[in-house]
Amino acid sequence: MQSISNTGAGVIIQDIAAVIVENKAHLSEIDGKIGDGDHGVNMAKGFGRAADRLDPLGTLTDALGVLSDVLMGEIGGSMGPLYGMTFADMADDLGTTETIDAVAFASMIRAGLEGVQDIGAAKVGDKTMIDTFVPAVDAFDAAISQGKSFSEALAAMKIAAEIGRDSTVDLVAKLGRAARLGERSRGTLDAGAVSCCIILSTFADSITARLS
Amino acid sequence: MQSISNTGAGVIIQDIAAVIVENKAHLSEIDGKIGDGDHGVNMAKGFGRAADRLDPLGTLTDALGVLSDVLMGEIGGSMGPLYGMTFADMADDLGTTETIDAVAFASMIRAGLEGVQDIGAAKVGDKTMIDTFVPAVDAFDAAISQGKSFSEALAAMKIAAEIGRDSTVDLVAKLGRAARLGERSRGTLDAGAVSCCIILSTFADSITARLS
Amino acid sequence: MQRFINDPDDIVDETVAGFVRAHHNMVRIHDTNPRVVLSHTTPKIGHVGIVTGGGSGHEPAFIGYAGKNMVDAVAVGELFSSPTAKSFYDAIKSVDGGAGVAVLYGNYAGDNMNVKMARKMAKKDGITIETVVANDDVCSAPASEREKRRGVAGEIFMWKIAGAKASTGAPLPDVIAAAQKAIDNCRSIGVGLGPCTLPQVGHPNFEIASGKMEVGIGHHGEPGLRVENLKPANQIAEDMVRTVLEDHTLLKGTEVAVLVSGLGATPINELYVLYNRIEQQIEARGLKVHFQLVGNYFTSLEMVGATLTVMALDDDLKSCLAVETASPAL
Amino acid sequence: MQRFINDPDDIVDETVAGFVRAHHNMVRIHDTNPRVVLSHTTPKIGHVGIVTGGGSGHEPAFIGYAGKNMVDAVAVGELFSSPTAKSFYDAIKSVDGGAGVAVLYGNYAGDNMNVKMARKMAKKDGITIETVVANDDVCSAPASEREKRRGVAGEIFMWKIAGAKASTGAPLPDVIAAAQKAIDNCRSIGVGLGPCTLPQVGHPNFEIASGKMEVGIGHHGEPGLRVENLKPANQIAEDMVRTVLEDHTLLKGTEVAVLVSGLGATPINELYVLYNRIEQQIEARGLKVHFQLVGNYFTSLEMVGATLTVMALDDDLKSCLAVETASPAL
Ligand SMILES: Nc1ncnc2c1ncn2[C@@H]1O[C@H](COP(=O)(O)OP(=O)(O)O)[C@@H](O)[C@H]1O
Ligand SMILES: Nc1ncnc2c1ncn2[C@@H]1O[C@H](COP(=O)(O)OP(=O)(O)O)[C@@H](O)[C@H]1O
Ligand SMILES: [Mg+2]
Ligand SMILES: [Mg+2]
Ligand SMILES: [Mg+2]
Ligand SMILES: [Mg+2]
């Protein structure tokens, strides 16, 4: 069965951070259209700091913990609690697991999704990161239950995340700053949906590259 | 000898006010280049209010008094005292004179000039209204002493005022806000020199039209 | 961007540092958390602690209201961004005098989540916490959904009332009730004439076309009720008064407290021009202005615009208003 | 022009009216001259009266400093234009308590002339008048021609010192000496990042190109020492400190009062960013900041920029600074 070792998987969070930092201006620009234009700044600051502090040779559990601590302790805003809870709950779920296989990964991302929904109370269709997150997690589960391999399930998750992200274009925002715009919020991507897609896609790419 | 009656000459101040009000934007624009852009506003407000309040059928003495009171009591700034003293001293000099001939007029404008110099202490060459006022008064006196008529002297005064006004283009401001600009103040007219030219020229035109 | 800044990432730390230098006789920075500002008067054993917090860029809010008989601790966020749960938590811990802590903040998603998390953390320490969420901005949601409305400058009145109540040694439920009554009695409206720019972003957050104004704008440029042609100040004042008073049902003779705040780049004389007509209009409706503040009390960086807040008073609120405060902003 | 105005010709009257409504517990309008604002505490028999005045558009200056132990009467001019001689005269008459009147104003041509005329008028009434002309703006003329320098935010310290001295019942020569010492000990500098617009004129008074700043700018946009590239806030702060302190010869250990004022449209957090470095720099030179004010104390409509004023202190000035004032602005 395909798997990676938890130890040494800390580097995956550095991979994710690198793509987030690369997309700083892009994320802010999207947020600027219907939000306050700081999503890239907030994300790059949090992920960048975590990448500097975590041990790439350490466990993914620890790296998720560092990321969560930075987000919750230093970033604030909405991203602090939303992604902070996501990664805290992923870390809790992963715990001392030594080998991350598809089942462990499925459990971890489901925990992360529940963490963010617990604090943010967003539903699919509200035009948030949840519109990426829910279908991506569901697609991963579905692939596994159809007997697909870890890497095939990751690929399915990635595609679902992208479709979820793109679905936000046609939505009217129900939560966050953009909600005030009502109909005026239709026609653009949601920034959090884009960053969530980056995170999940980079998870998929980075794990796939390491699958033995 | 050419003369006008003091009674009924109040209207001359209304004539002057009309031209000042007409030139409101023009004067502010000139002041805007090297000053603070309010000369037209200040002048139009003062002269406009005086024109509304004075009796055109009354004496020039009284009209000058009204104008001076408005300037000193309601306009403030530099124009309040400078033109306020000019017209106050003109009114004092004219006093109860019944007939305004060239001699009375010469004495009146000389008094006005001394009034403004007394309070403002500007000299020819400082790039102020004085650059119009001094040569204009001198030209009037010179014409009279050469035996010219009142109307000829007024015409000479008008020409000298215009030359004086234009002389300010090449000057560097030594007084007022523009003085801070140093060399940068060269190359534009002085706003006060322009308004002073309007006042003296309209005096000339308005009296000439009434000379019996 | 014609601004006095160094690295945009440092602006909040530098603001707090300069602020504490300038007002060192009233406030200090938390020992370990540079994003918490404390009043020198806190903690006071047996007294309820008052905490607030919010994004930066609204100076003198929020930090300027830390002081005697006002707010005890302020959690400081990035520009226009909620403070961290950790900062709210550190603020709460610092002001706890054993009588509980009132966390009085504005209704924004980030603040709600961060306070919720801080509350969980503080509960583990056995600190009793109650919250009041300001929602005075009438244009941010209809009256039927008041719980969705944002908190704006009415927070200043909420803090002043609660701080005064806490200064009497009142127990937590009384302090909370006073704060809740204060904000329930507040209605605010903002009018925006020009946008603001977050230094990290570098271009305006939103647009207001020349000759237009945004009626009902939020403190971060959130869109208002409508964009309309810029009107004379007196008409704007009339519209503002009408909007806030129609959302209130106040009996003739009611006394009110009024706050007119500039949003950052409005010349101060214009705030007085607005206030002149606002007071006339309020009194013309049979109300009586008992207390008023006019100035830059709650800003939005260099946004051009102003807000009006009207708080209906009763004897209790009046006596709270009369309690002297000593904070940098009030 | 995105502004809260009605008829531009009415802006000063409306400002004064709104101001007096907002601060009716401290100030009132003169009975017959709507361009004179009086402190409720004036006249005080046997006490020296303090008068100032200047153009409008600098709010809270000048009117905001009318109050207890501060200025007794303020003559109000049009925007950026000296008050009339009549207004200065009416102000002087209103505050005369038999012990003479100190007229403390800034060095501008119009003010000089109007005060001179008012003084003549008041002398006829037998009122003893002495004047002090503020000239604290170091960039407006070289040190050798200090009498040509303009008066700027240092006036606030001059008023506070003189008001405090007068409150002790000191005779006119002592009040004048204190005011003169205060302003002699003041040095100020302004830095402009963006222009302002007189509503009657409708376009900016002057230009500051994007990416540039005007070092040494005056309160009406008078050109400064130099136009240079906009620098980081810390470097601007250092330049400002250097310029004012090099014009002073202050011994190490000298205590100073510091005032950092926004010019109208600078976000308040940036004033604290500036102040943070300014205090560091002053103290690095061996001086000690004893008293400080940071905020919009003396503005220029919606000009973007800030001023720094440093006043060297001695024991007498320190005890004057410690006297409590109650004016709308301070
Ligand atoms: N309650 C919520 N649940 C999940 N995601 C949310 C929620 N509220 C906002 N978001 C996400 O947050 C994103 C905005 O993040 P960001 O710009 O960093 O924060 P802020 O809105 O505080 O400026 C939105 O694009 C949206 O996807
Ligand atoms: N000391 C002075 N004597 C004579 N004229 C002066 C003096 N100072 C300034 N002026 C004149 O005043 C004019 C400016 O007037 P105005 O713009 O109305 O006043 P302000 O300079 O107060 O804005 C200048 O153009 C100059 O001609
Ligand atoms: Mg955002
Ligand atoms: Mg001018
Ligand atoms: Mg934000
Ligand atoms: Mg002027």
Side-chain angles (χ1 to χ4, degrees), chain A residues 24-25 27-46 48-49 68-86 88 115-122 126 128-129 173-185 191-192, chain C residues 8-9 12 33-35 53-57 75-90 108-118 120-121 137 139-141 148-150 196-207 216-225 300:
Chain A
K24 176 177 169 176
L27 290 172
S28 284
E29 199 193 310
I30 296 172
D31 188 37
K33 293 206 174 119
I34 56 172
D36 61 355
D38 62 356
H39 188 60
V41 174
N42 300 337
M43 292 294 283
K45 194 184 279 186
R49 283 190 194 167
S68 167
D69 284 352
V70 170
L71 289 168
M72 293 212 273
E74 299 172 36
I75 302 306
S78 310
M79 285 307 99
L82 290 170
Y83 277 125
M85 287 305 292
T86 305
V116 65
Q117 287 195 292
D118 193 40
I119 183 107
D126 287 347
T128 70
M129 56 192 277
K174 300 252 164 50
L175 279 174
R177 302 183 192 289
R180 302 278 160 236
L181 284 165
E183 272 298 326
R184 285 198 259 171
S185 67
Chain C
D9 280 349
V12 174
N33 188 334
R35 293 301 175 88
S56 294
V76 178
E78 290 296 315
L79 291 181
F80 288 5
S81 189
S82 170
T84 62
K86 177 82 168 55
S87 295
F88 274 116
Y89 169 65
D90 287 337
Y108 296 91
D111 296 301
N112 281 319
M113 291 189 279
N114 285 299
V115 169
K116 186 171 160 187
M117 291 169 67
K120 265 194 210 164
M121 295 155 86
D137 189 353
C139 295
S140 53
K148 288 201 183 165
R149 287 182 175 175
R150 297 181 297 253
C196 59
T197 296
L198 288 167
Q200 308 109 301
V201 177
H203 56 76
N205 245 5
F206 56 99
E207 301 284 319
I217 198 163
H219 264 167
H220 313 88
E222 294 94 336
L225 277 189
S300 300

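Because the structure is predicted, anything quoted here is derived from the model rather than measured. Chain letters run A, B, ... following the sequence lines, proteins first, then strands; residues in each count from 1.
To the nearest 0.5 Å, atoms CD (C:Gln200) and CG (A:Asp38) are separated by 7.5 Å. Note: A:Asp69 CG to C:Lys86 NZ = 10.5 Å, rounded to the nearest 0.5 Å. The NZ atom of A:Lys45 sits 8.5 Å away from the OG atom of C:Ser81 when rounded to the nearest 0.5 Å. The CD1 atom of A:Ile75 sits 9.0 Å away from the OG1 atom of C:Thr84 when rounded to the nearest 0.5 Å.
Contact between A:Asp36 and C:Leu198 at its shortest, heavy atoms only, is O-CD1, 3.5 Å.
Residue with the most contacts toward chain A among C:Asn114, C:Asp9, C:Val201, C:Asp111: C:Asn114 (heavy-atom pairs, distance under 4.5 Å). Put simply, of C:Met117, C:Lys116, C:His203, the one with the most heavy-atom pairs under 4.5 Å next to chain A is C:Met117.
The residues A:Glu74 and C:Arg35 are annotated as not salt-bridged, no charged nitrogen and carboxylate oxygen being separated by less than 4.0 angstrom.
Under the side chain to side chain contact (heavy atoms under 4.5 Å, CB included) criterion, A:Lys33 pairs with A:Glu29, A:Thr188, sequence neighbours left out.
Looking at A:Met79, there are no atoms closer than 4.5 Å to chain C (heavy atoms on both sides), in backbone or side chain.
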